[in-house]
Structure formats: structure tokens, C-alpha cells
Asks: 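Just dropping this structure here.
Every number for a ligand or one of its atoms is a count from 1 in the order of the listing. Just so it is clear, the model here is predicted, and its values are computed rather than measured.
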Amino acid sequence: MTTRNPNFYHLLLHIDQDLAEQTRAQRCRCGGVLHSARYPRKPRGLPDETRSCFDFRYSFCCADCRCRTTPFSVRFLGRRVYAAAIMVVVSATRDSAGTAAAMRQLDTLGVPPSTIARWRRWWTTDFVSTPFWTLGQAMFVPPVVTAQMPASLLERFVSTPTPEPLLCLLRWLSPLTSGSAVSTLSEGR
Ligand SMILES: [Zn+2]
């Protein structure tokens, strides 16, 4: 299972580093220089040896106007206490009535059923109402089945040329994790 593989989380950290560097290079909207102002994070559900890859979120503060700029992220989906990968995999596996072995592995992550139910509501109602989804869904053929989110969405990334559909999906979702989108995403932690 990808979500138990430490290398996967190291890769996600590297991608976030790149996204953060791009953001810093673009500077603030006012043209000011961006200084690092990371948010401390303590996400749940991760293998112990990967905690240090996930104990902060990249963010910047402008030297001139003091505005915050928070880059896209493949590690965090909004302010949820679980890593984005965990949130997606748990939601998708529950949805798709996975094998007994997959279900047992999910149980070891210890996500409470009430949290999973909230995530499911978020995928099938809040997420599909976002402008991001309204625009983005057109790229999927055949169309994603909204009632089977996010399992149906994850399936659409299986045929991508890279070997890891979950990574592709996290990358695709990453614009959702920045700026004003974050306030919408804090619902349903
Ligand atoms: Zn500024």
C-alpha cells in the first residue's frame, strides 16, 4: 500500500519543496520579497519515520505588505489533521468496497468512522460544488461518477503514464490547497 511506503512521503515533500520554490520566485502580488513563514503541522495516520516530512506546511510572508502566500501542496489538503494522501485513500477505499485486506489496512490507520463520513460528504457535495471541479471535470473521459467520489476520480488517473495514480491525483488537486480555497477546505476536517 502506497500510504505505508516512506519513500512515497519523501517524494511528496520534494514536490512541495519545488512548489514552494516556484512560489517564492514569483514573489508577492505587490512585488515584494517573500520570507519563509511555515505553519507547524502534526498530521495523523503517517508511518513514524515520515513524521519529519510532514511537520510543517510551506508558507511565506511578504517583506513589504506582510500578506501571506501559501503555495500549492501535495502533502496537505486544507487544514485537515490527516495528510492528503491518507484522506484520499481512505475515502476511495471505503467508497469502492475494497478487499478485506485493504479494509484491514485502513483500520490500522485509525481514522474514526465519523471523520470518514465527513470526508465522504465533502467529496460528494462540497468538492463537486467548487469552481475548481466545475472546470476540471471536463478533462475526464469517461466522466467521473460524482456519487463515487473520490474512488471514481482516482480511477481516472490509473491510465496516466506515471506509475502512481495517487501521486498524480494529489498533484492535480494541489491548486485547491492554496489561498482562498483553504477556507472552504477547512470544513470537514
Ligand atoms: Zn506583498
Side-chain angles (χ1 to χ4, degrees), residues 3 6-46 50-89 91 115 118-119 121-140 144 149-150 153-154 157 160 162 164-189:
T3 50
N7 292 335
F8 180 67
Y9 294 102
H10 290 292
L11 177 60
L12 295 181
L13 175 60
H14 284 301
I15 294 171
D16 271 12
Q17 279 169 347
D18 286 346
L19 293 169
E21 276 312 309
Q22 288 166 26
T23 298
R24 192 205 289 268
Q26 285 165 4
R27 303 170 77 107
C28 178
R29 267 167 298 195
C30 80
V33 173
L34 293 175
H35 291 304
S36 179
R38 296 173 173 184
Y39 292 111
R41 300 295 298 263
K42 280 188 183 168
R44 297 180 196 155
L46 299 169
T50 63
R51 295 262 162 80
S52 61
C53 296
F54 275 70
D55 61 4
F56 68 94
R57 167 136 196 200
Y58 287 106
S59 188
F60 298 100
C61 186
C62 175
D64 294 336
C65 74
R66 313 304 300 170
C67 277
R68 276 255 180 197
T69 302
T70 301
F72 297 174
S73 174
V74 292
R75 292 180 299 157
F76 303 107
L77 195 52
R79 299 191 181 115
R80 288 191 179 79
V81 297
Y82 288 88
I86 303 287
M87 190 272 195
V88 169
V89 166
S91 305
T115 301
R118 265 203 312 280
W119 289 349
R121 276 198 302 277
W122 181 81
W123 281 109
T124 55
T125 57
D126 299 340
F127 173 73
V128 297
S129 311
T130 58
F132 176 83
W133 176 246
T134 305
L135 291 169
Q137 63 177 325
M139 69 175 272
F140 299 104
V144 172
M149 290 285 269
L153 182 58
L154 188 56
F157 286 87
T160 49
T162 51
E164 185 42 74
L166 177 58
L167 177 61
C168 299
L169 175 55
L170 292 173
R171 259 192 180 283
W172 187 75
L173 289 170
S174 68
L176 255 188
T177 66
S178 173
S180 58
V182 173
S183 57
T184 328
L185 288 165
S186 63
E187 304 300 319
R189 319 177 159 196

Asks: Roughly, to 10 degrees, what angle do Cys65 atom SG and Cys28 atom SG form around the Zn ion (ligand 1)?
Replies: 110°
Asks: From Phe157 CZ over to Leu154 CG, what is the distance, rounded to the nearest 0.5 angstrom?
Replies: 8.5 Å
Asks: Round to 10° and report the angle made at the Zn ion (ligand 1) by SG of Cys30 and SG of Cys62.
Replies: 100°
Asks: At less than 2.8 Å, would any N/O/S atom of Cys67, backbone or side chain, sit next to the Zn ion (ligand 1)?
Replies: no
Asks: Ignoring hydrogens and angles, state whether a donor on the side chain of Ser59 or Arg68 is under 3.5 Å from an acceptor on the partner side chain.
Replies: yes
Asks: Would you call the rings of Trp122 and Phe127 parallel, tilted or perpendicular, taking 30° and 60° as the class edges?
Replies: tilted
Asks: Counting N and O atoms only, with roles assigned by atom type, does the side chain of Arg57 sit under 3.5 Å from a partner on the main chain of Pro71, one being a donor and the other an acceptor?
Replies: yes
